[in-house]
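The structure displayed is predicted, hence computed values, not measured ones. Values below: every heavy atom of this structure, side chains too, minus hydrogens, waters and symmetry copies. The sequence lines fix the lettering, A, B, ..., with proteins before strands; numbering per chain opens at 1.
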Number of protein chains: 2
Amino acid sequence: MSHISRPVKAIRNQENADARRERWRGHRQARRAEFVEAAVRAIGTYGAEVGMDDIAAEAGVSKPVLYRHFSDKSDLYLAVGEWGTKLLMERIKPALEEGGSARERIRRIVSTYLSVIEEYPELYRFVVRRNFADRPVHTDPVSTEKTIIANSLSRLLGEYLRSLDLDSGGVEAWSHGLVGMVQASGDWWLERHSMSRDDLTDYLTKIIWFAIDGVLRSGGVVLDPDEPLEFPPDLELVEGEGPR
Amino acid sequence: MSHISRPVKAIRNQENADARRERWRGHRQARRAEFVEAAVRAIGTYGAEVGMDDIAAEAGVSKPVLYRHFSDKSDLYLAVGEWGTKLLMERIKPALEEGGSARERIRRIVSTYLSVIEEYPELYRFVVRRNFADRPVHTDPVSTEKTIIANSLSRLLGEYLRSLDLDSGGVEAWSHGLVGMVQASGDWWLERHSMSRDDLTDYLTKIIWFAIDGVLRSGGVVLDPDEPLEFPPDLELVEGEGPR
DNA sequence: GGTAGCTGTTACTTCTGGTAACACGCAACG
DNA sequence: CGTTGCGTGTTACCAGAAGTAACAGCTACC
C-alpha cells in the first residue's frame with residue numbers, strides 16, 4: 001500500500017534534489033485551480049448536487065485525473081469553499097478600505113455579502129449547506145470557511161476594543177455569532193426573497209450596529225454611527241486557527 | 001407502478017369506510033415514534049454518520065420495515081429533527097414561563113439551548129450539520145427546524161413590538177438572524193469548549209439584549225433589562241410557514 | 001537509455017440508499 | 001366459514017456514486 005506507483009499528492013517533504021519534481025510545481029497548482037474552476041462551473045450548471053463524474057467531465061478529463069489532484073471529495077469541496085471565500089473577501093476588501101462611518105462600513109459589508117450569495121446561489125448552497133457528517137469535524141469546509149471569516153472579524157473587533165481599553169473577552173463568541181447571524185439571515189432571504197436586498201441590508205445593518213453599540217456603551221464608549229471612523233481597516237484572512 | 005401491493009404510506013385520503021385500515025392508525029404512529037427513538041439512540045452510539053442499516057438494527061428490524069414508515073432517509077432525518085426540536089422547546093418552555101426580566105429570560109433561553117446541545121452533541125451535529133444538498137430545499141430538516149424556531153421568535157417579537165407601536169418590518173429577518181447567531185455560536189463553542197457555558201451564555205445574552213435594546217430605543221422605547229417584564233410569554237411552535 | 005513525474009484511459013470494487021418479491025398473522029368483512 | 005386488507009417480517013437484489021487498479025504514452029532530467 002505504501003508504494004503506489006507515482007502518487008501525485010504524496011509529496012515527500014524531504015529535500016528531494018531531483019529537479020524533475022520541481023519542474024511541475026507551478027503546473028500542479030495551476031491544474032488544481034483549473035479543476036476548482038471547473039467544479040464551480042459544474043455547480044452552476046448542475047446545481048449543488050454535482051457528482052465527481054460531472055465535475056470531471058466539465059473539466060474535460062476523467063475521474064481518476066481529478067483524484068490525482070484531490071485526495072477526496074471533501075478535499076475538492078474544501079478547495080471550492082476556499083475559492084468562494086477568496087472571492088467574497090476580495091469583494092469585501094474594497095468595501096472596507098473605502099472608510100466611512102461605522103454604519104456605512106457595516107452596511108457595505110453586509111450588502112456585499114448579500115450580493116455575492118445572490119450572484120452565486122448554487123455555489124453558496126453547495127458550500128454552505130452541504131455538510132460532511134461523515135468526516136471529522138475539523139475538515140468540514142463550511143465551518144472552516146465560516147471560522148476563517150469569523151476569525152478575521154474577531155481580530156478586527158478585538159483590536160478595536162483593545163484600542164479603546166475595553167474588555168475583549170467576548171469577541172470571539174460575538175464574531176462567530178455575528179457571522180452566523182448574517183449567514184442565517186442571508187440563507188433565509190435567499191430561499192424566500194420576501195424583501196428586497198436593500199431592506200434586508202438595512203435591517204441587518206441596524207441590528208449589528210445596535211449590538212456593537214451596546215458593547216461599546218457598556219464599556220463607557222459612545223460612538224456616533226454616522227461619524228467617520230479613523231480606525232484603520234485591515235480585515236484579512238486569518239487562517240491561524242481553523243475549527244478545532 | 002401505481003399498483004404496488006399494499007403500500008403503507010400511500011394513504012388515500014378518500015373515505016375508505018373499511019375499518020381494517022383504521023384499526024392500525026394509532027399503531028402506525030407509535031411505530032414511527034419508536035423508530036425515531038431508535039434512530040436517536042443509534043446516532044448516540046454510532047455518531048452522526050449512521051446508516052439506515054444501523055438504525056434498523058438498533059430498532060431490531062430490517063431495513064425494509066423502516067422504509068414502510070419513512071419514505072426516505074430525509075424523511076427519517078426530518079422526524080429526528082422534529083424530535084429534537086420538540087425536546088428543545090419543551091426545555092425552553094418552562095424557562096420562558098418563569099417570567100422575570102428581559103435579560104433573565106434571554107439568559108435562560110440561551111442557557112437552555114446550550115445545555116441541550118451539550119447534552120446531545122451527536123444528535124445536534126446530526127440534525128444541524130448534516131444537510132441534504134441532493135434534496136429540494138424545502139425538505140431540508142435543518143432549515144425546517146430553524147425556521148420553526150425562528151418563526152416562533154418572530155411571532156413573539158412581532159407581537160411585542162406591535163404592542164409598543166413600533167415598526168415590526170424587520171422582525172422576521174432579525175429572528176432568523178438571532179437564531180442563526182445563537183446556533184453559530186453554539187456550534188463554535190461545541191467544537192472548542194474554549195470557554196465555560198456560563199461565560200458564553202453571558203456574552204450571548206449581552207449581545208442579544210443590546211440588539212433588542214437598540215431596536216426598542218430606535219423606536220423611542222427605553223427598557224430596563226433587569227426590570228421584570230409583564231409581557232405574556234407564549235412562545236409556541238409556529239409551523240405555519242416552513243422554508244419556502 | 002533509463003527513469004521520474006506527469007498525462008490520460010477503461011474497468012473495476014465498494015458502499016449504501018432504496019426496492020422486489022416473497023411468506024406469515026390477524027382481524028374485519030361477506 | 002373463506003376471503004380480503006393491512007400489518008408483520010425476511011432475504012436478496014438493484015442503482016448510483018465515490019474511489020481505485022492497472023494499464024499506456026509523453027517529455028525532460030540524469
Table of protein N/O atoms under 3.5 Å from nucleotides 9-13 of chain D N/O atoms:
| residue | atom | partner | partner atom | Å |
| --- | --- | --- | --- | --- |
| dG9(D) | OP1 | Arg31(B) | NH2 | 3.1 |
| dG9(D) | OP2 | Arg31(B) | NH1 | 2.5 |
| dG9(D) | OP2 | Arg31(B) | NH2 | 3.2 |
| dG9(D) | N7 | Arg68(B) | NH1 | 2.9 |
| dG9(D) | N7 | Arg68(B) | NH2 | 3.0 |
| dG9(D) | O6 | Arg68(B) | NH2 | 2.5 |
| dT10(D) | OP2 | Ser62(B) | N | 2.9 |
| dT10(D) | OP2 | Ser62(B) | OG | 2.3 |

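If you take CG of Asp53(A) and C1' of dC12(C), they are 13 Å apart, rounded to a whole angstrom. One atom, OH of Tyr67(A), and another, C1' of dT10(C), lie 16 Å apart when rounded to the nearest Å. Between the C1' atom of dT16(C) and the CG atom of Leu76(B) lies a distance of 15 Å, rounded to the nearest Å. Atom pair Lys73(A):NZ and dG16(D):P shows a separation of 15 Å (rounding to whole Å applied). One interatomic measurement links the two molecules: CG of Asp75(B) to C1' of dG17(C), which rounds to 14 Å at whole-angstrom precision. Look at CG on Leu66(B): it is 12 Å from P on dT19(C), rounded to the nearest Å. Distance CG (Asp72(B)) to C1' (dG18(C)): 9 Å, rounded to an integer number of Å.
In terms of the ring-ring contact (aromatic ring centres under 6.0 Å, His included) criterion, Tyr113(A) has no residue partners (sequence neighbours excluded). Asp53(B) pairs by the side chain to side chain contact (heavy atoms under 4.5 Å, CB included) definition with Lys63(B), not counting sequence neighbours. Judged as a side-chain hydrogen bond (donor to acceptor under 3.5 Å, both in side chains), and not counting sequence neighbours, the contacts of Trp188(A) are His176(B).
Asp187(A) and Tyr124(A) are linked by a side-chain donor-acceptor pair at a separation below 3.5 angstrom, with hydrogens and angles left out of the test.
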Under 3.5 Å, which donor-acceptor pairs link side chains of residues 114-123 of chain A to any protein atom two or more places apart or in another chain?
| residue | atom | partner | partner atom | Å |
| --- | --- | --- | --- | --- |
| Ser115(A) | OG | Ser111(A) | O | 2.8 |
| Glu118(A) | OE1 | Arg197(A) | NH1 | 2.8 |
| Glu119(A) | OE1 | Arg91(A) | NH1 | 3.2 |
| Glu119(A) | OE1 | Arg91(A) | NH2 | 3.1 |
| Glu119(A) | OE2 | Arg91(A) | NH2 | 3.4 |
| Glu122(A) | OE1 | Ala48(A) | N | 3.3 |

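Sorted by first and then second residue, the ring-ring contact (aromatic ring centres under 6.0 Å, His included) pairs involving residues 40-63 of chain B (not counting sequence neighbours) form an empty list.
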